[in-house]
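Since the structure comes first, as structure tokens, the remarks are kept for the end.
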Amino acid sequence: MKPSVGLIGLGLMGHPMGMNLLKAGFPLTVWNRTISRADEHVAAGAKLGQSPQDVAAHADFLITMVSDPLALEEVLWGASGALEALKSGAIYMDNSTVSPQLARKVAAACTKQGVRFLDAPVTGGDWGAKKGELLFMIGGDAQTVKDAEPVLRVLGKKWFHLGPNGAGQTVKLAMNAILALEVEALAEALSLVTAAGLEGARLVEVLQSSMGRSPLLDIKSQNMLQGDYKPSFPLRLMLKDLGLALELAKQVGTTMPATGAAHDTYAQVKNMAREDLDYSAVMKFWG
Ligand code: NA7
């Protein structure tokens with residue numbers, strides 16, 4: 001029999017993940033701060049939890065997918081929070097991107113309750129979430145990862161077990177620093193080429209035939225050339241991840257100078273923007 005799943009957080013990522021769990025036949029209870037985002041799930045057979053606590057109390061397998069560390073603390077330890085309601089023996093997997101430090105704090109609280117915790121942030125954007133093709137970076141115990149496989153298989157195409165709790169978040173922050181820098185570098189190079197009087201599209205054409213080719217830039221260069229910044233992965237969340245990576249670098253005693261510079265560029269664009277934009281909108285730094 002399939003375990004009953006609880007899902008907290010139905011944003012850009014959590015919404016399609018919930019729909020995929022329903023399609024795969026998992027009994028699902030959902031909760032989202034903005035309740036209307038659960039309408040589609042309820043119409044497709046999900047139960048609507050009254051609070052994070054209510055969702056956790058009924059789940060054999062709890063998933064959280066919220067925006068940032070503050071949001072996670074809120075749904076776990078805020079009013080009617082999920083953590084204390086989790087059943088002994090349950091698995092709890094957090095797919096949000098937060099700090100490794102917070103992941104370890106959650107893991108310690110779970111252990112006290114006999115709950116098995118995985119920090120399992122993802123990459124793949126809303127596109128990967130919709131197709132059930134996310135890639136998971138996981139910290140936690142190997143047996144728990146094994147036991148989580150029926151759920152992972154529905155949501156993703158690949159998962160990496162990277163070490164104890166916190167390891168998933170650590171690799172995710174490193175990964176996103178690379179993605180942010182790649183896109184920022186392209187924006188910078190496009191501005192150079194266009195300021196020198198050439199078409200940006202020509203740079204992209206050459207780049208994509210060269211060793212510098214990247215599937216990420218295949219997609220993002222199109223957004224940047226067309227000025228279409230509908231969020232697939234929002235800039236505000238990329239900025240959050242860069243901040244978390246810099247904080248981690250400080251904690252572990254290393255430096256990330258290029259990430260620091262990219263953080264400031266992304267921050268300026270976020271401060272200028274009135275609407276929610278994709279992170280490829282870093283291009284707007286150059287006007
Ligand atoms: P979104 O689309 O911004 O969705 C964020 C979700 O987090 C959404 O369900 C929010 O509820 C929820 N949220 C945000 N703040 C809170 C608080 N304080 N309390 C409860 N719930 C909250 O993000 P994505 O789905 O793109 O990304 C999710 C994670 O994956 C994130 O860590 C990324 O970096 C990677 P709302 O609907 O606004 O009421």
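As the structure is a computational prediction, the values presented were derived from the model and not from experiment. Both counts, for ligands and for their atoms, begin at 1 and track the order of listing. Sequential numbering from 1 along the given sequence is applied to the chain's residues.
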Other than Val106, which residues form its hydrophobic cluster under the rule that side-chain heavy atoms must be closer than 4.5 Å? Ile8, Trp31, Val55, Leu62, Val66, Leu72, Val75, Leu76, Trp77, Leu83, Leu86, Tyr92, Val98, Leu102, Val115, Phe117
Do Glu182 and Ser214 pair up side chain to side chain, a donor and an acceptor below 3.5 Å, judged on atom types alone? yes
May I ask you to check whether over 12 heavy atoms, not counting those of Arg153, lie within 6.0 Å of atom CZ? yes
Do Asp264 and Gln268 pair up side chain to side chain, a donor and an acceptor below 3.5 Å, judged on atom types alone? no
Hits for ring pair (Phe, Tyr, Trp, His ring centres under 6.0 Å) against His15, two or more places apart or cross-chain, chain-then-number order -> His41
Sorted by chain and residue number, the residues having a heavy atom closer than 4.0 Å to an atom of ligand 1 are Gly9, Leu10, Gly11, Leu12, Met13, Asn32, Arg33, Thr34, Arg37, Met65, Val66, Ser67, Ala71, Glu74, Val75, Ser96, Thr97, Phe233, Arg236, Leu237, Lys240
Pairs of donor and acceptor atoms involving the side chains of residues 225-234, under 3.5 Å and at least two apart or interchain, shall be tabulated with distances.
{"unit_1": "Asp228", "atom_1": "OD1", "unit_2": "Lys230", "atom_2": "N", "d": "3.3"}
{"unit_1": "Ser232", "atom_1": "OG", "unit_2": "Asp126", "atom_2": "OD1", "d": "2.8"}

